[in-house]
Each structure stands twice: as structure tokens, then as C-alpha cells.
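Sequential numbering from 1 along the given sequence is applied to the chain's residues. What you see is a predicted model; the values in this text were computed from it and never measured.
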Amino acid sequence: ESKKDYSKFTPLELDQERRNLASLICRRRQTIEKKEKELPVKSDPNYNKKYIAIQFKKEQLEELILDENKIVSILKSIATS
């Protein structure tokens, strides 16, 4: 469930926020992909630190996706009312 409250947003603000989130999601996916390719072998002393950083980025990505989905459902409910 998204933690943000979008109830006070106008439809225009919702659409703008959705577009911003879509951009952030795309960039976050690219960052994760890049960092996964750069991940050192498990025996490397920096492996755990880098692995944890990737996992944190994945959690942030999930939150962004939840926010985007929430906005999309709000916009759909506005369009059908």
C-alpha cells in the first residue's frame, strides 16, 4: 500500500505526479541493472555493502510502483465518475 496521500491532488497534479513517477521508475530500474552488473564476486569485501545497496534500491522501486499504481487507480475512478 502506498504511503502517500493523493486525496488533495487535482487530476492535473495527479497526472503530473504519475509522469514524474514513471520517469523515476525507469531511472531506478536502470540504476539497479547497472549496479547488479557491477556487483563484485561474493568473496569481495565490498560485496555485502553493494548487495544491500541494491536491495534498498529495489525496495524504493517497489514503493514508486505502488505510488504510480495508486495514482492510476485514482485517475481511472475520476474518469469513470
Side-chain angles (χ1 to χ4, degrees):
E1 179 69 23
S2 171
K3 295 174 187 164
K4 281 194 175 176
D5 179 19
Y6 294 106
S7 62
K8 293 183 173 51
F9 281 52
T10 66
L12 188 60
E13 290 170 329
L14 285 169
D15 188 56
Q16 188 174 24
E17 183 72 6
R18 183 192 57 78
R19 291 171 192 264
N20 288 341
L21 286 168
S23 178
L24 287 171
I25 288 167
C26 181
R27 285 197 308 267
R28 184 57 42 92
R29 282 185 174 135
Q30 290 171 345
T31 300
I32 290 169
E33 189 176 311
K34 178 182 160 212
K35 295 212 176 277
E36 284 178 335
K37 286 180 184 174
E38 295 172 351
L39 193 62
V41 292
K42 286 187 177 182
S43 59
D44 188 292
N46 290 322
Y47 175 82
N48 281 340
K49 181 178 153 187
K50 292 185 183 231
Y51 179 79
I52 290 168
I54 291 170
Q55 296 304 56
F56 182 68
K57 295 279 184 198
K58 287 182 177 181
E59 288 173 20
Q60 290 176 325
L61 174 62
E62 290 303 315
E63 289 178 22
L64 292 171
I65 291 169
L66 286 173
D67 285 345
E68 182 185 40
N69 289 340
K70 184 175 184 178
I71 290 173
V72 167
S73 69
I74 292 169
L75 287 171
K76 281 183 182 175
S77 70
I78 290 170
T80 57
S81 56

**Study point:** Distance-only side-chain donor-acceptor flag, R27 / T31, under 3.5 Å
**Key:** no
Practice item. Could you check if a side-chain atom of K50 sits within less than 4.5 angstrom of a side-chain atom of K35, using non-hydrogen atoms only? Key: no
Exercise for review: Inspect the contact between E33 and R29 and indicate whether a charged nitrogen and a carboxylate oxygen are less than 4.0 angstrom apart.
Suggested key: no
Practice item. Could you tell me whether Q16 atom CD has more than 12 heavy atoms of other residues or ligands within 6.0 Å of it? Key: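 No, not enclosed.
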Are [Y] and [X] linked, directly or through intermediate hydrophobic residues, by side-chain heavy-atom contacts shorter than 4.5 Å (ILVMFWY only)?
| X | Y | result |
| --- | --- | --- |
| V72 | L61 | no |
| F9 | L66 | no |
| I25 | I74 | yes |

Check your understanding: Atom CD1 in I71, atom OH in Y6: separation rounded to 0.5 Å?
Key -> 4.0 Å
Point to revise | Distance, nearest 0.5 Å, that separates CG of N46 from CD of E38 | key: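 It is 12.5 Å, given to the nearest 0.5 Å.
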**Study point:** Parallel, tilted or perpendicular: rings of Y51 and Y47 (30°, 60°)
**Key:**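 Aromatic pair Y47/Y51 classed parallel.
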Check your understanding: So which heavy atom on L64 is nearest to which on L24, and how close?
Key ->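 It is CD1-CB, 4.0 Å.
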Exercise for review: Determine the minimum heavy-atom distance between P11 and I78, stating which atoms define it.
Suggested key: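 Closest approach of P11 to I78: CG-CD1, 4.2 Å.
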Check your understanding: Is there any salt bridge (Lys or Arg N to Asp or Glu O under 4.0 Å) pair reaching into residues 58-81, and which pairs are they, with sequence neighbours excluded?
Key ->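 Counting only pairs at least two positions apart or across chains, the salt bridge (Lys or Arg N to Asp or Glu O under 4.0 Å) contacts touching residues 58-81 are K3-E63, E36-K58.
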